[in-house]
There are 2 protein chains.
Amino acid sequence: MKERKVPDVVARRLPRYYRYLDDLLKKQIYRISSSELSRKMGVTASQIRQDFNFFGGFGQQGYGYNVEMLHKEIGAILGLYSGRKTIIVGAGYLGHALANHTNFKKRGFMLVGVFDNDKAKVGRKISDLTISDYDGIADFISENQPDIAILAVPRTAVKSVAENLISLGIKAIWNFSYTELDEQENVVIENVHLSDSLMMLSYKLNALDD
Amino acid sequence: MKERKVPDVVARRLPRYYRYLDDLLKKQIYRISSSELSRKMGVTASQIRQDFNFFGGFGQQGYGYNVEMLHKEIGAILGLYSGRKTIIVGAGYLGHALANHTNFKKRGFMLVGVFDNDKAKVGRKISDLTISDYDGIADFISENQPDIAILAVPRTAVKSVAENLISLGIKAIWNFSYTELDEQENVVIENVHLSDSLMMLSYKLNALDD
DNA sequence: TAGATTGTTAATCGATTAACAATC
DNA sequence: TAGATTGTTAATCGATTAACAATC
C-alpha cells in the first residue's frame with residue numbers, strides 16, 4: 001500500500017497488463033501467479049510484482065493473483081468504465097475508423113457526438129450517430145459536457161480546434177494529427193504519432209540486414 | 001564513432017528528433033545547438049548529445065549541428081527514403097485513412113498495393129491505387145517483392161493473414177489489430193495499440209482530479 | 001502444517017545528467 | 001586568438017532484478 005508517485009514507465013505498462021488480463025478472462029483463467037504471467041508477457045515476475053505494488057497489494061501469498069479482481073483494479077486505476085463522454089471531431093476515414101473501433105465501447109467510453117465542418121457530411125450516419133455540424137459544437141458541449149475529444153482533423157486545423165475545444169471545457173484531447181499539441185494546465189493531451197511507429201518499423205527493418 | 005549497441009530507449013527517440021528537424025527545416029533554420037534544441041523539445045542538451053553520439057559525431061565544436069545534415073543522417077538511420085515497397089491489407093476505414101496518410105509518401109515509403117477480400121470493394125479506388133482481391137496477393141508479392149505490409153484487417157483474420165504474408169516473403173508487418181503478433185525470426189513486427197493510448201489518456205484524466 | 005508465492009528490501013544494472021577537456 | 005559548443009568521461013539517479021522473510 002505505497003503512496004510513492006507512480007513512475008511514468010510503470011503507468012505506461014498498465015494498458016498492456018490490462019489487455020493480458022482481458023485475455024486470461026476470455027480464456028476463463030481466474031487465477032495466475034506473477035511467474036506464469038511473466039512467461040506469457042515476456043517480462044520478469046519481479047517487475048510484475050513491483051509494478052502492482054505501486055498501487056497496493058493485489059495478490060495473496062501462496063496463491064497468486066485473482067484475475068478478475070486484478071482486472072477490475074487496473075481498470076479502475078486506468079479510469080475505465082466511468083462512462084466518460086467522448087466526441088470525435090473530424091469525420092474523415094480516420095474519424096470513421098475510430099468511431100467503429102469496438103474496444104472503445106468495451107472500455108467504457110461513451111461516444112456521444114461526431115462533428116465535421118463539411119456540410120456535405122453533416123447528417124450522415126457514422127456508427128449509430130449522426131454527424132453534426134462543427135458550427136454547433138459550442139452548444140453541444142455546454143449541454144452535454146463531454147470530457148474527451150478525439151481530434152481527427154487536418155493538421156492545419158488542429159491548433160485552432162484544440163484551443164476552441166479547451167475553451168469550451170473539454171478536459172482531454174486524443175490528437176491524431178501530425179502537429180503536436182503542447183501540454184497545458186488541467187488539460188490532458190495525448191498525441192498519437194502514427195508515423196513515429198512506422199519509422200521505428202523502418203529502423204528495425206534496416207537493422208535486420210546488419 | 002561508437003560501436004556500442006544502440007539502446008532501445010535511444011532508438012525510440014529518433015523519430016521525434018526527426019520530426020523536430022523537419023520542423024526546423026520548414027522554418028528555414030539550418031543550424032542549431034544541442035541547448036537550443038533541448039529547449040524546444042523539453043529534454044536535456046546532454047541527452048541529445050549522448051543520443052547523437054551513439055551514431056557518430058554529427059556536430060562541430062563551437063558551432064553546433066547542421067540541421068540539413070543531421071536530418072539526413074537520422075533519416076538514413078531510420079531507413080527512410082529507401083523506397084520500401086508497401087502494401088495495405090484491409091480496405092476498411094482504417095485502411096483508407098492509412099493510405100491517405102500524407103506523411104507516408106513524404107517519408108519515402110512507396111504504397112504499391114491495397115488488398116481486401118470483400119469482392120464489393122475490389123476495383124474501387126483508394127488514394128491513386130485500385131483495391132485488389134486478396135486472393136491474388138501471392139502472385140502480386142512474388143512479382144513485386146514488397147517489404148512492408150500494413151495490416152488493417154479484423155482481429156479474427158490477423159493471425160492467418162500475417163502467417164500467409166510472412167510465408168510469401170513480407171519482411172515487416174505494421175499491425176493495427178487488437179491481436180498482438182509475436183516477434184519472429186527475421187521478420188519485423190510493429191504492433192500499434194490505439195486502445196493503449198486511449199487508456200493512458202484516461203489514466204491521466206483520472207489523475208488530474210487527485 | 002508444508003508448500004507456494006507474494007510483498008518488500010537490497011543489489012545490480014542501465015540511463016540520464018553534469019562537468020569539462022578537446023577543438024572548431 | 002577567444003568564444004562557443006561539441007564529444008566524452010565521470011557522477012548521479014532511477015529502474016530492474018534478485019533474494020528472502022512474511023504469510024496465506
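Below, each value reflects all heavy atoms present in this structure, side chains not excepted, and no hydrogens, waters or symmetry copies. The sequence lines fix the lettering, A, B, ..., with proteins before strands; numbering per chain opens at 1.
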Short N-O contact, A/K121 and A/D116, less than 4.0 angstrom:
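Salt bridge between A/K121 and A/D116, a charged N being under 4.0 Å from a carboxylate O: yes.
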
Short N-O contact, A/R16 and B/D196, less than 4.0 angstrom:
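Looking at B/D196 together with A/R16, the answer is no, because their closest N to O distance does not fall below 4.0 Å.
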
Under the rule of Watson-Crick or G-U wobble with both distances under 3.5 Å, where | means paired to another strand and [ ] a crossing pair, DNA chain C maps to ..||||||||||||||||||||||

Taking only residues two or more places apart in sequence or in another chain, which ones pass side chain to side chain donor-acceptor pair (under 3.5 Å) with A/S34?
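Here the qualifying residues are A/R49.
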
How does protein contact run along nucleotides 13-20 of chain C, one letter per nucleotide 5' to 3', with B for base contact, S for sugar-phosphate only, - for none, heavy atoms under 4.0 Å?
--SSBBBB

Donor + acceptor pair across side chains of A/T44, A/S46 (<3.5 Å):
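Judged by distance alone, the side chains do not pair up.
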
Please give, in whole Å, the distance from [N] [atom2] to [X] [atom1]?
X     : N     : atom1 : atom2 : result
A/F54 : C/dT6 : CZ    : P     : 17 Å
A/Q61 : C/dT6 : CD    : C1'   : 4 Å
B/N53 : D/dG7 : CG    : P     : 5 Å
B/F55 : D/dT6 : CZ    : P     : 18 Å
B/F52 : D/dG7 : CZ    : C1'   : 13 Å
B/F58 : D/dT6 : CZ    : C1'   : 14 Å

With side-chain hydrogen bond (donor to acceptor under 3.5 Å, both in side chains) as the rule and sequence neighbours excluded, what pairs involving residues 58-70 of chain B come up?
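For residues 58-70 of chain B, and leaving out neighbouring residues, there are no side-chain hydrogen bond (donor to acceptor under 3.5 Å, both in side chains) pairs at all.
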
Just distance, no hydrogens or angles: give the donor-acceptor pairs under 3.5 Å from side chains in residues 138-146 of chain B, sequence neighbours left out.
residue, atom, partner, partner atom, Å
B/S142, OG, B/D139, O, 3.2
B/N144, ND2, B/F140, O, 2.9
B/Q145, NE2, B/S142, O, 3.2

Quick one, which residues of residues 62-78 of chain B touch DNA chain D with a heavy atom under 4.0 Å?
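Within residues 62-78 of chain B, the residues near DNA chain D are B/G62, B/Y63, B/G64, B/Y65.
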
Residue pairs involving residues 87-115 of chain A (criterion salt bridge (charged side-chain N to carboxylate O under 4.0 Å, His left out); sequence neighbours excluded):
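Pairs touching residues 87-115 of chain A that pass the test: A/D22-A/K106, A/D22-A/R107.
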
Check whether any side-chain heavy atom of B/I48 lies under 4.5 Å from a side-chain heavy atom of B/V43, and answer yes or no.
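SC-SC contact between B/I48 and B/V43 confirmed.
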
Partners passing ring-ring contact (aromatic ring centres under 6.0 Å, His included) against A/Y93 (at least two apart in sequence or in another chain):
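Testing A/Y93 for ring-ring contact (aromatic ring centres under 6.0 Å, His included), a comparison that skips the adjacent residues, returns B/H96.
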
Can you list the residues that meet the ring-ring contact (aromatic ring centres under 6.0 Å, His included) rule with B/Y17, with sequence neighbours excluded?
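Only B/F52 meet the ring-ring contact (aromatic ring centres under 6.0 Å, His included) criterion with B/Y17.
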
Just to be sure I understand the geometry, which residues of residues 20-37 of chain A put a non-hydrogen atom under 4.0 Å away from DNA chain C?
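Going residue by residue through residues 20-37 of chain A, the ones with a heavy atom under 4.0 Å of DNA chain C turn out to be A/S33, A/S34.
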
Name the atoms and distances for all side-chain donor-acceptor pairs under 3.5 Å in residues 180-192 of chain B, with sequence neighbours left out.
residue, atom, partner, partner atom, Å
B/E180, OE1, A/R19, NH1, 2.5
B/E180, OE1, B/H193, NE2, 2.9
B/E190, OE1, A/K204, NZ, 2.8
B/N191, OD1, B/N175, ND2, 2.9
B/N191, OD1, B/L181, N, 3.1
B/N191, ND2, B/L181, O, 3.1

Only pairs under 3.5 Å count here: list side-chain donor-acceptor contacts from residues 149-164 of chain A, not counting sequence neighbours, and write none if there are none.
residue, atom, partner, partner atom, Å
A/S160, OG, A/A157, O, 3.2
A/N164, ND2, A/Y134, OH, 2.9

In sequence, state the C-alpha distance, the side-chain angles, and the governing distance for B/H101 and A/L194, and then conclude on side chain to side chain contact (heavy atoms under 4.5 Å, CB included).
CA-CA 9 Å; B/H101 206 265; A/L194 292 180; 4.2 Å; yes

